[in-house]
There are 2 protein chains.
Amino acid sequence: MSEIESVLKKHQIRPTAIRILVYKFLRKREVAVTLNDLEADFDRSERTTLYRTIKTFEKNGLVHQIDDGTGVSKYALDDKVAESGQPQDLHLHFHCDTCQETVCLTDHKIPHISLPPGFVSKDINLVIKGICDKCSNLE
Amino acid sequence: MSEIESVLKKHQIRPTAIRILVYKFLRKREVAVTLNDLEADFDRSERTTLYRTIKTFEKNGLVHQIDDGTGVSKYALDDKVAESGQPQDLHLHFHCDTCQETVCLTDHKIPHISLPPGFVSKDINLVIKGICDKCSNLE
DNA sequence: AAAAACATGCAATTGAAGTGCATTATTCCA
DNA sequence: TGGAATAATGCACTTCAATTGCATGTTTTT
């Protein structure tokens with residue numbers, strides 16, 4: 001059994017052909033991908049199948065969904081999870097206004113933010129927009 | 001001329017009947033509103049007109065758009081701007097999973113976040129999800 | 001008062017997300 | 001093993017927010 005298959009199985013995901021391909025695709029990309037990105041790379045496959053594939057990955061904690069404010073959902077592998085089995089720590093996302101790419105800054109933990117009395121925090125979404133390292137070097 | 005009219009004019013917005021009503025509506029609400037909220041309160045008026053009204057307000061710095069991750073855009077008055085003419089400071093938004101309302105925690109400034117070399121920050125979107133003060137008191 | 005600029009209303013389009021259902025593939029277990 | 005049960009896939013279709021085009025109505029300007 002390949003390494004990829006065992007990663008999927010560890011997450012209770014049946015390693016079908018498409019799922020393995022989608023997983024490989026996510027691995028290959030360092031940036032978060034949209035459903036359209038997937039579709040563009042998988043002419044042979046159905047949008048719905050890709051949609052459900054990514055949703056299955058998400059449900060089983062293999063990817064996380066990113067809302068970067070562009071109005072289109074993006075997804076990225078929870079690499080740490082894939083290896084350790086521990087849920088991915090909260091981290092921030094950076095969206096580049098130039099190349100439109102969104103990346104996980106996995107090493108940048110979100111600082112603790114105190115809330116007014118009565119507010120209970122369960123989840124945090126932090127997206128920073130600007131110019132990414134690749135694009136700023138091109139200027 | 002009413003106070004509202006002068007606020008609109010200060011922002012180069014012609015104070016038409018609908019615009020004044022929309023502004024009043026935004027004032028009345030302490031939470032961010034969706035287009036649907038507006039529409040529900042303005043049977044007489046057209047969705048498109050409300051849409052364009054809010055977009056005009058946004059373009060002229062009277063409201064800011066909030067993406068709280070629900071997939072529906074919300075809008076809230078830039079109160080400070082309305083008074084001072086200065087752009088609203090970056091602040092965080094809180095979305096309550098219970099009542100589904102989103103509020104601006106205007107007094108909570110977003111802490112400085114250092115980025116890796118090459119990344120330039122232009123804008124920050126920080127949304128915290130959980131239970132708001134009203135809903136946590138009800139438990 | 002006429003022309004120009006802007007606001008409004010209605011119809012229609014777009015695009016992402018999601019659902020229903022029939023078909024195909026895989027797993028389970030007698 | 002073979003057939004029932006379960007899950008995955010493909011296709012069509014729906015939903016819903018966002019947005020645009022265009023005709024009409026209203027202000028503003030001169």
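Not measured: the values here are computed from a predicted model. Residue numbers begin at 1 in each chain, while the letters A, B, ... track the order of the sequences.
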Q: Write down the distance between CD (B/Gln12) and P (C/dA5), rounded to a whole number of angstrom.
A: 17 Å

Q. Are B/Leu105 and A/Val127 connected, step by step, through hydrophobic side chains (Ile, Leu, Val, Met, Phe, Trp, Tyr) whose heavy atoms are closer than 4.5 Å?
A. no

Q: Using a 4.0 Å heavy-atom cut-off, write out nucleotides 9-16 of chain D from 5' to 3' as B (base contacted by protein), S (sugar-phosphate only) or - (no contact).
A: BBBB----

Q. Got a sec? Which of residues 65-75 of chain B come in under 4.0 Å of DNA chain D, heavy atoms?
A. B/Val72, B/Ser73

Q.
Going by ring-ring contact (aromatic ring centres under 6.0 Å, His included), name the pairs with one or both residues in residues 40-67 of chain B, residues two or more places apart or in two chains.
A. B/Phe25-B/Phe42, B/His64-B/His91, B/His64-B/His93

Q) Minimum heavy-atom separation for B/Asp67 to A/Gly69, with atom names? A) OD2-CA, 3.0 Å

Q | Heavy-atom side-chain contact between B/Leu62 and B/Ile13 under 4.5 Å | A | yes

(Q) Any side-chain N or O of A/Tyr51 below 4.0 angstrom from OP1/OP2 of C/dA17? (A) no

Q: Would you indicate whether the side-chain heavy atoms of B/Val63 and B/Tyr23 approach each other to under 4.5 Å?
A: no

Q. Relative to the 5' end of DNA chain D, which residue comes earlier, B/Arg47 or B/Arg14, by the nucleotide with the nearest heavy atom?
A. B/Arg47

Q | Whole angstrom value for the distance that separates P of C/dG9 from CD of B/Glu39 | A | 12 Å

Q. Whole-Å distance between D/dT28 P and B/Glu5 CD?
A. 10 Å

Q: Check whether any side-chain heavy atom of A/Ile54 sits under 4.5 Å from a side-chain heavy atom of A/Leu26, and report yes or no.
A: yes

Q | Atom-pair distance (CG on A/Leu38; P on C/dA17), nearest Å | A | 12 Å

Q: Could you state whether B/Val120 and A/Val103 fall into the same hydrophobic cluster, counting links through intermediate Ile, Leu, Val, Met, Phe, Trp or Tyr residues with side-chain heavy atoms under 4.5 angstrom apart?
A: no

Q: Take atom CZ of B/Phe42 and atom P of C/dT8, then tell me their distance rounded to the nearest Å.
A: 12 Å

Q. How many Å lie between CD1 on B/Ile13 and P on C/dT8, as a whole number?
A. 11 Å

Q) Once you round it to whole Å, what is the distance between C1' of C/dA16 and CG of A/Asp37? A) 13 Å

Q) Roughly how many Å is it from CG in B/Leu35 to P in D/dT20, rounded to a whole number? A) 14 Å

Q. Between B/Thr34 and B/Asn36, does any side-chain donor sit less than 3.5 Å from a side-chain acceptor?
A. no

(Q) Under 4.5 Å between side-chain heavy atoms, counting indirect links through other Ile/Leu/Val/Met/Phe/Trp/Tyr residues: same cluster for B/Leu126 and A/Phe94 or not? (A) yes

